[in-house]
Structure formats: C-alpha cells, structure tokens
Amino acid sequence: MTSRRSLALASVAAVVAVAIAVAISFWIHWFPAQATTQAQNTDRLYHVLVLASIPIFVLVVTVILYSVWQFRMKPGEELKDGPPIHGNTRLEVFWTAIPTVLLLGIVGYSFVVLRNNEKKPAREIQIGVTAQQFAWTYQYPPSVTGGAPLNSTQLYVPKGESVEFSLRSKDVIHAFWIPAFRVQEDVVPGITTHWRATPIRLGSYPVVCNLLCGLGHSLMRSTVHVVTPAQFHAWITSQQSAAASGAGGLSTTGAATG
Ligand SMILES: [Cu+2]
C-alpha cells in the first residue's frame with residue numbers, strides 16, 4: 001500500500017472513530033439528575049472537555065498506529081538503523097503552541113465556571129450542616145425560620161433560591177456531597193467550610209459522605225428534598241410546632257453548637 005493511500009485510510013478511520021465516540025458521549029446519560037444551576041454549568045464544562053479530548057485522543061492513537069504499520073521493520077532490515085534525523089523546529093513549535101492554546105482555553109473556561117458556581121447572589125438563605133460519625137444534622141437559623149432556630153435530621157431546600165451551606169464537624173473529617181447538585185466540600189473539625197447551590201428541580205436526592213470517616217462511613221447518608229418555597233415554609237412551620245409540643249423528638253436549640 002502506498003503511504004499516501006494508507007494515510008488517507010488512517011484519516012478516514014480517525015474521523016469515523018471521532019464521530020462514534022462523540023455520538024456515544026452524548027447518547028448515554030452519564031450523570032444523575034441536574035438539580036441545580038451549578039449542575040448545569042458543571043455538566044456543560046464536562047461535555048466541552050469530552051468534546052476537546054476525543055479528537056486529540058483519536059489523533060494520537062491514529063498517529064501511533066499509522067507509524068507502527070507504515071514504518072515497521074521488514075524482513076532483512078534487522079540490522080539497519082533509522083535515518084539520522086536531528087529535530088524538526090517547525091514541528092516542535094507546532095506541537096508546543098497548539099496544546100498551550102488548548103490548555104489555556106480549558107483552564108480559562110473552568111475558572112469561569114467555578115467562579116460562577118461559587119458567586120454570592122443578592123439573595124440567599126443559610127443552612128447549617130453538622131457532620132458526626134455517622135449522621136448528618138441540619139440547622140435552620142432564625143433568618144430562615146422567621147422564629148426560633150430549628151435543628152433537624154431532615155434537609156429541605158426551596159426550589160429557585162440560592163442556599164449557602166455552612167459545614168461543621170463534631171469529630172473527624174467528612175465530605176458533604178449531593179451528586180445531583182454536583183458540588184461537594186470537606187467538613188473539617190475546627191473550621192467552618194461553605195458550599196453554595198441553587199436548586200432548580202423538585203425532587204428528593206441522596207446526600208453522601210464522600211470521605212472515609214470510620215466504620216459507619218458507607219451508612220452516612222441522608223436525603224435532600226427540593227420543594228416549592230410554599231412547601232418549604234409549611235415544612236418549617238410543621239417542624240417548629242412539632243418541636244414546641246415535644247412530639248417530634250427534635251430540639252430547637254443547643255444541639256447545633258456541640
Ligand atoms: Cu462521614
């Protein structure tokens with residue numbers, strides 16, 4: 001096979017491989033539900049990264065396979081040496097400049113996404129999260145309840161409102177992760193870390209501890225309920241009246257400060 005013909009063949013194979021891989025990357029839903037604006041931004045970034053990576057991966061593999069095939073040793077050439085080539089400045093400038101531009105583009109875009117995800121909006125509610133081997137508890141301050149602070153084992157958030165979670169640990173390092181929100185942050189004893197998300201999709205989603213924190217780590221799970229603002233306030237009221245009557249087994253004060 002002439003080298004021109006095999007080069008054409010390799011190019012066609014590469015284009016077909018790129019098309020198939022791109023189709024698969026869009027066809028399969030790789031992620032959990034997109035329950036926050038942060039999830040939308042993160043997934044878009046991920047798709048851009050995949051779209052940029054597929055052609056580069058295919059190009060590299062195609063060049064390797066083409067070279068292995070085209071420049072392989074033929075019978076009788078066992079003792080031959082390769083041609084004495086010393087560098088190719090134009091090629092080296094090319095393969096340094098293009099990855100540099102690509103990397104700067106990806107870094108810039110990732111930076112913008114992260115900054116937008118963490119940007120403090122004009123209006124936002126605060127919810128405290130306390131981690132303890134092996135359970136999560138949640139604190140709703142007076143600014144949220146409109147009355148006494150509420151301490152609960154349940155996490156409810158209103159749809160369409162930005163929530164800032166303040167994370168504290170009573171013992172070891174945990175990580176507060178809601179896969180459907182796409183954000184996670186370490187919960188470190190002695191300091192308060194923060195985490196922000198704007199839920200945009202009603203439903204219940206898993207809350208996961210994502211740092212090995214002891215024997216019960218795999219059981220350290222909870223659920224976040226994204227509800228309408230009206231349902232959220234109704235839930236707060238019901239919890240407060242349950243706490244006031246002592247029926248709910250939930251204390252309104254004290255437990256959050258340990
Ligand atoms: Cu944990």
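As the structure lists them, so they are numbered: ligands from 1, and atoms in each ligand from 1. None of these values were measured; they are calculated from a predicted model. Residue numbers count from 1 along this sequence.
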Tell me, please, which residues at least two apart from Phe94 pass side chain to side chain contact (heavy atoms under 4.5 Å, CB included). Ile98
Just wondering, are more than 12 heavy atoms of other shown residues or ligands nearer than 6.0 Å to CG in Leu103? yes
Does any pair with a residue in residues 174-194 pass salt bridge (charged side-chain N to carboxylate O under 4.0 Å, His left out), and if so which ones, sequence neighbours excluded? Asp43-Arg182
For Phe31, does the CZ atom have more than 12 heavy-atom neighbours from other residues, nucleotides or ligands under 6.0 Å away? yes
Measure the acute angle between the ring planes of Phe26 and His47, then classify it against the limits of 30° and 60° as parallel, tilted or perpendicular. parallel
Within a strict 2.8 Å cut-off of the Cu ion (ligand 1), protein N/O/S atoms tallied 4
Within residues 19-39 or reaching into it, pairs that qualify as salt bridge (charged side-chain N to carboxylate O under 4.0 Å, His left out) - sequence neighbours excluded: none
